[in-house]
Student: 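Sharing a structure, written as structure tokens. Questions coming.
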Amino acid sequence: MTDTDVLLAEAIKLDAADPLAHHLAEFADAPGVTAYLDGNSLGRPLRDLPEKAAAFIRDDWGTRLIRSWDEQWMELPMQLGDRIGAVTLGAAAGQTIVADSTSVMLYKLIRAGVAARPGRDEIVIESGNFPTDRFIAAGVADETGMTVRWVQPDEIAGVSAEDVASVVSERTALVVLSHVDYRSGALADMPRITKVVKDAGALMLWDLCHSVGVVPMHLDDWGVDMAVGCTYKYLNGGPGSPAFGYLRAEHHGNVLQPIHGWWGAADIFAMGPEYAPVAGIRQLLSGTPPVLSMLAMQGMLDLIELEGIGTVRAKSITLTDFAVRAYDVLLAPLGVKLLSTRNAAERGGHITIGHDSFQQVTKDLWVDGVIPDFRFPDGIRLGLSPLSTSHEEALRGIIAVRDALA
């Protein structure tokens with residue numbers, strides 16, 4: 001047997017033992033695609049979504065018309081936030097809400113967080129964090145006369161509690177970090193880092209975009225102050241689906257977001273002369289919520305709730321562990337670098353591999369129906385969404401990378 005045959009036999013065995021394998025058929029077909037390894041960037045739609053969307057347009061919107069606001073839509077941002085909190089975040093009701101884009105929600109909470117720590121003049125953020133996080137943190141610092149303090153972590157291991165402890169001080173107002181690094185997939189130690197930050201008297205804001213729906217977490221138990229995440233990756237909400245924001249209950253009424261729209265007012269329909277914020281989580285809203293864009297993620301939340309986030313995480317580990325083994329056999333001999341940790345406990349739902357030719361290789365793979373994504377300067381991310389990806393599909397993608405290099 002060839003090395004490829006051995007790996008294929010292992011993939012088939014893993015898929016046969018996979019308790020989530022029967023859900024693969026619930027996702028829509030993508031004609032011409034033989035391996036979709038980008039579920040960490042844009043999740044696949046569920047097969048029943050077209051009918052659900054048609055029913056929404058026909059009934060909730062088309063028949064009930066504006067009555068649907070009173071009948072169901074007014075509470076949807078809070079109800080859906082509570083579901084995300086319960087199913088994926090370890091958050092009690094009343095602390096999570098669906099609204100805005102990730103960028104807007106980050107701005108709201110970063111701006112609110114620094115205002116809630118008067119007398120402190122530093123925002124701490126990782127130097128390699130996702131550009132939006134860094135840009136917004138720097139922009140808020142410019143607005144408020146604060147300074148950005150940069151954490152410089154190991155590029156593969158990611159930010160550690162020790163890294164954070166070395167830069168926080170009595171000057172730190174807010175620390176902004178990603179739970180899973182968007183490049184390497186490194187998984188930060190959320191409870192330890194949060195404790196370091198809070199012991200310094202600062203607030204902790206986590207970006208959960210690459211961990212929500214694939215890594216279990218316990219925001220309430222771990223003392224997290226604020227969090228933001230998107231819903232189009234592992235929650236499969238579709239392109240541009242809205243973000244969510246988490247604000248710990250103890251901060252309601254004290255951490256006040258700066259974009260004062262009518263949906264965050266105490267009485268939405270009072271149309272009064274001045275803004276008075278509502279006391280609860282609805283205060284994070286500004287304008288009218290994107291109801292239609294909240295539709296797709298609900299089916300994925302059903303699946304995660306049905307199986308449990310722990311089961312999803314277990315398959316994520318078998319997928320990424322298998323991808324690392326396939327890398328060792330098929331790609332390492334070709335000079336490809338592994339840009340992610342080998343320790344599954346310190347890794348999220350994707351791995352990254354590196355080679356100087358990968359920008360062109362990615363373009364070639366896309367033409368052939370193999371879809372990973374490229375991250376500058378030389379990385380291909382293999383995003384393995386547990387509910388929609390099989391081990392055999394992951395292997396097909398890695399074989400295609402090998403063949404493209406050859």
Side-chain angles (χ1 to χ4, degrees), residues 1-21 24 30 33-41 44 156-157 180-187 210 214-215 234 312-375 378-406:
M1 293 177 71
T2 66
D3 290 339
T4 303
D5 291 334
V6 172
L7 287 167
L8 179 58
E10 182 179 356
I12 292 171
K13 183 178 180 180
L14 287 167
D15 286 335
D18 175 17
L20 302 180
L24 297 173
V33 175
T34 58
Y36 186 63
L37 306 182
D38 215 355
N40 64 315
S41 190
R44 301 176 68 161
I156 292 179
V180 169
D181 188 289
Y182 80 100
R183 302 154 306 171
S184 69
L187 176 65
H210 279 91
V214 72
V215 177
Y234 297 108
V312 174
R313 171 63 172 164
K315 182 178 176 183
S316 176
I317 289 173
T318 69
L319 280 168
T320 53
D321 276 347
F322 178 66
V324 171
R325 288 197 294 278
Y327 154 82
D328 285 336
V329 174
L330 301 178
L331 299 179
L334 301 178
V336 178
K337 299 170 291 185
L338 180 63
L339 303 178
S340 297
T341 178
R342 292 179 175 274
N343 185 350
E346 298 174 355
R347 188 177 63 224
H350 69 272
I351 68 165
T352 300
I353 52 179
H355 192 277
D356 290 344
S357 67
F358 271 176
Q359 187 165 19
Q360 182 59 48
V361 164
T362 302
K363 295 177 182 178
D364 296 340
L365 291 173
W366 279 35
V367 171
D368 293 336
V370 176
I371 317 292
D373 68 2
F374 176 77
R375 282 294 175 265
D378 61 354
I380 280 180
R381 294 191 309 184
L382 304 175
L384 308 170
S385 187
L387 282 157
S388 62
T389 309
S390 68
H391 298 83
E392 187 175 351
E393 183 177 10
L395 179 60
R396 284 199 300 270
I398 293 170
I399 290 172
V401 174
R402 178 202 64 184
D403 293 346
L405 281 173

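Both backbone and side-chain heavy atoms feed into the values below; hydrogens, waters and symmetry mates do not.
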Student: Distance from L331 atom CG to L405 atom CG, nearest 0.5 Å?
Tutor: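 Going from CG on L331 over to CG on L405, the span is 7.0 Å.
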Student: Output, in order, the C-alpha distance, side-chain angles, deciding distance and verdict of side-chain contact (heavy atoms from CB on, under 4.5 Å) for H210 and N40.
Tutor: CA-CA 7 Å; H210 279 91; N40 64 315; 4.3 Å; yes
Student: So if I apply the side chain to side chain contact (heavy atoms under 4.5 Å, CB included) rule between T320 and each of T341, L382, I351, which one comes out positive?
Tutor: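 When side chain to side chain contact (heavy atoms under 4.5 Å, CB included) is applied between T320 and each of T341, L382, I351, only I351 qualifies.
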Student: Decide yes or no for L339 and D378: does some side-chain heavy atom of the first lie under 4.5 Å from some side-chain heavy atom of the second?
Tutor: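 Yes. Closest side-chain heavy atoms under 4.5 Å.
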Student: Side chain of Q359, backbone of F374: donor and acceptor closer than 3.5 Å?
Tutor: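 No, because the side chain of Q359 does not come within donor-acceptor range (under 3.5 Å) of the backbone of F374.
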Student: When you measure from the side chain of D368 to the backbone of V370, do you find a donor-acceptor pair of N or O atoms at a distance under 3.5 Å?
Tutor: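 Not confirmed, D368 side chain does not pair with V370 backbone.
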Student: Answer whether the closest heavy-atom distance between the side chains of R375 and T352 falls below 4.5 Å.
Tutor: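 Result no, sub-4.5 Å side-chain heavy-atom pair not found.
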Student: Are any of the side-chain nitrogens in R347 or D321 under 4.0 Å away from the carboxylate oxygens of its partner?
Tutor: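 Yes, R347 and D321 are salt-bridged.
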Student: What heavy-atom pair brings I380 and P372 nearest, and what distance separates the two atoms?
Tutor: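 It is CG2-CB, 3.7 Å.
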Student: Between D328 and R342, is there a side-chain N and carboxylate O pair less than 4.0 Å apart?
Tutor: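 Looking at R342 together with D328, the answer is yes, because their closest N to O distance falls below 4.0 Å.
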Student: Keeping K315 on the side-chain end and T389 on the backbone end, is there a donor-acceptor pair under 3.5 Å?
Tutor: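 Between the backbone of T389 and the side chain of K315 there is a qualifying donor-acceptor contact (under 3.5 Å).
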Student: Between F358 and V401, is there a side-chain heavy-atom distance shorter than 4.5 Å?
Tutor: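 V401 reaches F358 side chain to side chain.
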Student: Do L395 and E392 come close enough that some side-chain heavy atom pair is under 4.5 Å?
Tutor: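 A side-chain contact is absent here, since even the closest heavy-atom pair is not under 4.5 Å.
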Student: Treating H355 as the side-chain partner and V336 as the backbone partner, does any N or O pair qualify as donor plus acceptor under 3.5 Å?
Tutor: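 Answer holds: no.
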